[in-house]
**Q** 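Take this structure, written in structure tokens, and hold onto it; I'll ask about it next.
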Amino acid sequence: MPSLPNTYPPSSQNQLLGGKSQQQQQLLASGKTTQFPQFLFNAGFCQNGKAIGVTQLRRVAAVPVAKRVAEECNVELGLKVGYAIRFDDFTSSSTRIKYMTDGLLEALLDPLLSRYGVILVNEAHKRTVHTDVLLGILKKVRHTQSQSILKGPFKRGNTNIDMSDEVNGQRPNTLFTLKACQNTKLLPLKLIIMSASLDAKGFSEYFGGAKIVYVQGRQYPVDILYTYQPEQDYLDATLITIFQLIAIIHLEEGPRDILAFLAGQEEIESIEKLIHGHLDKLPEDRRKVITVPIYPSLTSEQQMNALKPAPSGFRKVTMTSVTIPGIKYVVDPGLVKARSYNPVTGMESLIIIPTSKAQAQQRSDSTIPEVKRCNLANVVLQLKTLGIDDIIGFDFMEKPSRMAIMKSLEQLFLLWALTDDYKLSDPIGHQMARLPLDPIYSKAPILANEFKCLEEMLIVVSMLLIESIFYFPCVRMEEARVARNSFSTPDGDHVTLVNSKMVMSKDKTIEKNLKKWCIENFINSRSLRHARDIHSQIQGHVQQMGLSVSSCGNDMLQFRRCLTAAFFINAAMRQPDGMGSFLQLKMQLQIHPSSVLFRSKPECIIFNELVRTNHNYVWNLTGINPLWWLPDYVSS
DNA sequence: GAGCACTGC
């Protein structure tokens, strides 16, 4: 182990990567998001009543950006400038600049996007699933349009921002209907793909050699210092760098906080111990350092406390796995934990990988697009809804593996969302596609409607979609366990979630002192808000679909049968040496210690989470009677 | 006997 610096100035041998914060990056990006659409509008791209569509990755970005542009244009929001995000459409027939989240597949309503003259795809380099699907659809729209335009009386547009042309020799589009545009007067849709320059070539090639325009961004002065080579023990290297920085900033005026990016709670707790271990060896006057851990499972109050300034004379070292604004020194070992999905086993695991920034700078390739590393069931369902049946033949910018596509088709088929010939089923497939959930969760309320336990299922689905509402601080673990046990039942985790339903129903006696009640019961109030939000959204949807939110009362046997029918894909039987699963999974599973069924020995279970960390752990599980699993039994 | 962090439809 290299020795820690005790003298000024410290050696620069072990400086790790320091970078600009996400907030700064957003500032850099804001000009093109707010100004560019206005330039296009002023240049006449909204003639003939056409609109400019601008995609955003996040709901929270779409709304304020639209507000700001409306202000700049001196118009009321919702008129010339508007936004559309799921559950919230703030546009009108006069809207000409429309901000929207990229997952909003407008093509559902209008396969040729004929209302739009220009579509700006923002932050395409992030390569979210939605971006990739959107690009594929836009390419298809362009192709379909060009086919009809070539036949029609209109010439192609030839302005200097035309960034897309069709690939020569592409086979004719047979999937998108041409009916909508036959005999109509169409000008070609302009596509502008905004991306970090490293990836521009890939997008250009995908759109048949589209023109690339480079825009110089305004840079914040950020010094980036690297280690000479990758560190074997990155925790140790991080520790050394933190103490080097403490030594440097001792001489400086102004803010003295240090932020260390770490991959997760475990690493944060380790480094905190290491820091204190080292501080104990230093002379009294150099021990004025406070350490502040921040990770997602802390409550928001604890996270807010962590952001308070350090006492005068103290240096503060914040160790985090989440982004925090206003920090001057950043130590970033460049590693994150990421979910990875194995389509063969259906297994997700948490792996530590280099951050995309480090990847992008060290090699010429960029991050693996999300579409190549996630469960595609939802993507396939959405594409089927758009009438795109040939998923294997869909022109993704980067194709997911055939195995991954087949696996999602199989899953959708098992959920009865697809018919025997892999077409969207009616009504189940169509109903499932209307719910903004992964297919396994969108099927659950539909089944629960038949089992007359939709009220219970809505609570469970909302709770399964969020981080747990039960909060377990290390120091008061036993008290927290007692609090959770007041809801728990030997039926399993799902029924335990149902038992906590009073927090969802906004019980008046609890609501009055909600904050106090949450603290006393070790409930994370932020998670609770999140769950309530999702609950009311899904409830609104299923009611619109005509399902009745009825309750099975105390009949938890009935509810467990329904859970079995909904989540039968994830079932496992107890083996002599632990939990071994059947169906497509052939691996040893263990019940996660956070489950109420940890230590109990159910014969047969269904579960919602399977993640490989130290073991293959399942959680959110319910013990079932294997007979319920049989198809005849489930459907009767 | 243990929990990566972000989104979106």
Side-chain angles (χ1 to χ4, degrees), chain A residues 22 55-62 84-89 100-109 122-123 126-134 137 261-269 294-298 303 320-324 335-341 348-353 355-356 367 370-371 374 377-383 385-386 432-439 441-442 465-474 477-478 480-481 484 493 524 527 530 533-534 537-538 541 590-599 609 611-620:
Chain A
Q22 277 188 6
T55 71
Q56 297 288 132
L57 292 182
R58 303 170 188 196
R59 294 162 63 100
V60 290
I85 56 182
R86 182 88 171 189
F87 305 117
D88 192 4
D89 187 336
M100 58 197 145
T101 41
D102 62 356
L104 258 195
L105 297 177
E106 289 251 337
L108 270 173
L109 305 167
N122 238 326
E123 299 199 72
K126 298 239 170 114
R127 300 297 299 276
T128 65
V129 173
H130 286 145
T131 301
D132 276 26
V133 171
L134 181 67
I137 288 168
F261 271 112
L262 294 149
Q265 185 173 340
E266 191 186 345
E267 288 81 358
I268 289 171
E269 284 168 354
I294 303 182
Y295 38 79
S297 67
L298 294 178
Q303 292 192 1
T320 183
S321 49
V322 296
T323 311
I324 294 165
L335 297 168
V336 290
K337 281 189 191 171
R339 218 182 250 277
S340 102
Y341 175 73
E348 288 190 330
S349 29
L350 287 176
I351 49 170
I352 290 192
I353 56 165
T355 57
S356 56
T367 322
E370 197 184 2
V371 77
C374 73
N378 207 22
V379 169
V380 172
L381 188 66
Q382 295 304 328
L383 288 176
T385 312
L386 293 174
M432 283 171 64
R434 285 181 62 182
L435 291 173
L437 304 170
D438 265 344
Y441 294 118
S442 56
L465 289 174
I466 56 146
E467 62 281 34
S468 174
I469 62 162
F470 300 114
Y471 162 63
F472 293 94
C474 331
M477 190 65 87
E478 264 319 301
R481 199 184 311 280
R484 202 273 305 264
D493 298 314
N524 186 333
S527 305
H530 196 179
D533 192 32
I534 289 174
Q537 285 188 14
I538 306 174
H541 261 273
Q590 291 189 24
I591 296 178
H592 193 273
S594 67
S595 169
V596 298
L597 294 185
F598 182 68
R599 285 193 202 288
E609 291 283 337
V611 170
R612 180 181 181 83
T613 51
N614 296 333
H615 302 279
N616 297 334
Y617 278 117
V618 289
W619 69 91
N620 288 332

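Here is how names work: the chains are called A, B, and so on, in the same order as the sequence lines, proteins then strands, and each is numbered from 1.
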**Q** Would you indicate what A:Arg481 reaches in the nucleic acid, counting non-hydrogen atoms under 4.0 angstrom: base, sugar-phosphate, or nothing?
**A** base
**Q** Between P on B:dA2 and CD on A:Gln590, what's the gap in Å once rounded to a whole number?
**A** 9 Å
**Q** Just N and O in the side chain of A:Thr128: are any of them under 4.0 Å from OP1 or OP2 of B:dG8?
**A**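 It does not, given that no N or O in the side chain of A:Thr128 lies less than 4.0 Å from OP1 or OP2 of B:dG8.
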**Q** Return whichever of A:Phe598 or A:Glu370 has its heavy-atom-nearest nucleotide of DNA chain B closer to the 5' end.
**A** A:Phe598
**Q** Rounded to the nearest Å, what distance is computed from the NE2 atom of residue A:His130 to the P atom of nucleotide B:dC6?
**A**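 A:His130 atom NE2 is separated from B:dC6 atom P by 19 Å.
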**Q** Counting only side-chain N and O atoms of A:Tyr617, is one of them less than 4.0 Å from OP1 or OP2 of B:dA2?
**A**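 Yes, within the criterion.
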**Q** Quick one: A:Arg127 CZ to B:dC6 C1', roughly how many Å, whole number?
**A** 18 Å
**Q** Kindly write out the residues that satisfy side-chain contact (heavy atoms from CB on, under 4.5 Å) with A:Ser527, not counting sequence neighbours, or none if the list is empty.
**A** A:Ile466, A:Glu467, A:Ile469, A:Asn524
**Q** Can you check the A:Leu134 CG to B:dC9 P distance for me, whole Å?
**A**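 To the nearest whole Å, that distance equals 13 Å.
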**Q** Of the nucleotides B:dG1, B:dC9, B:dG3, which one has an atom closest to the side chain of A:His592?
**A**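 Closest nucleotide to the A:His592 side chain: B:dG3.
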**Q** Separation of A:Leu381 atom CG from B:dG8 atom C1', in whole Å?
**A** 15 Å
**Q** Using modelled atom types only, decide if a donor and an acceptor are shared between the side chain of A:Ser442 and the backbone of A:Leu435 within a distance under 3.5 Å.
**A** no
**Q** Report the distance from atom CD of A:Gln382 to atom C1' of B:dC9, rounded to the nearest whole Å.
**A**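 So the two atoms are 6 Å apart, to the nearest Å.
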**Q** For the side chain of A:Arg484 and the backbone of A:Tyr471, is there at least one donor-acceptor N/O pair under 3.5 Å apart?
**A**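 No.
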**Q** In whole Å, I'd like the distance from the CG atom of A:Leu435 to the P atom of B:dC9.
**A**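 The answer, rounded to whole Å, is 14 Å.
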**Q** Could you give the CD-to-C1' distance, from A:Glu267 to B:dC4, as a whole number of Å?
**A** 9 Å
**Q** For A:Thr131, give me all partners under side chain to side chain donor-acceptor pair (under 3.5 Å), at least two apart in sequence or on another chain.
**A** A:Asp102, A:Thr128
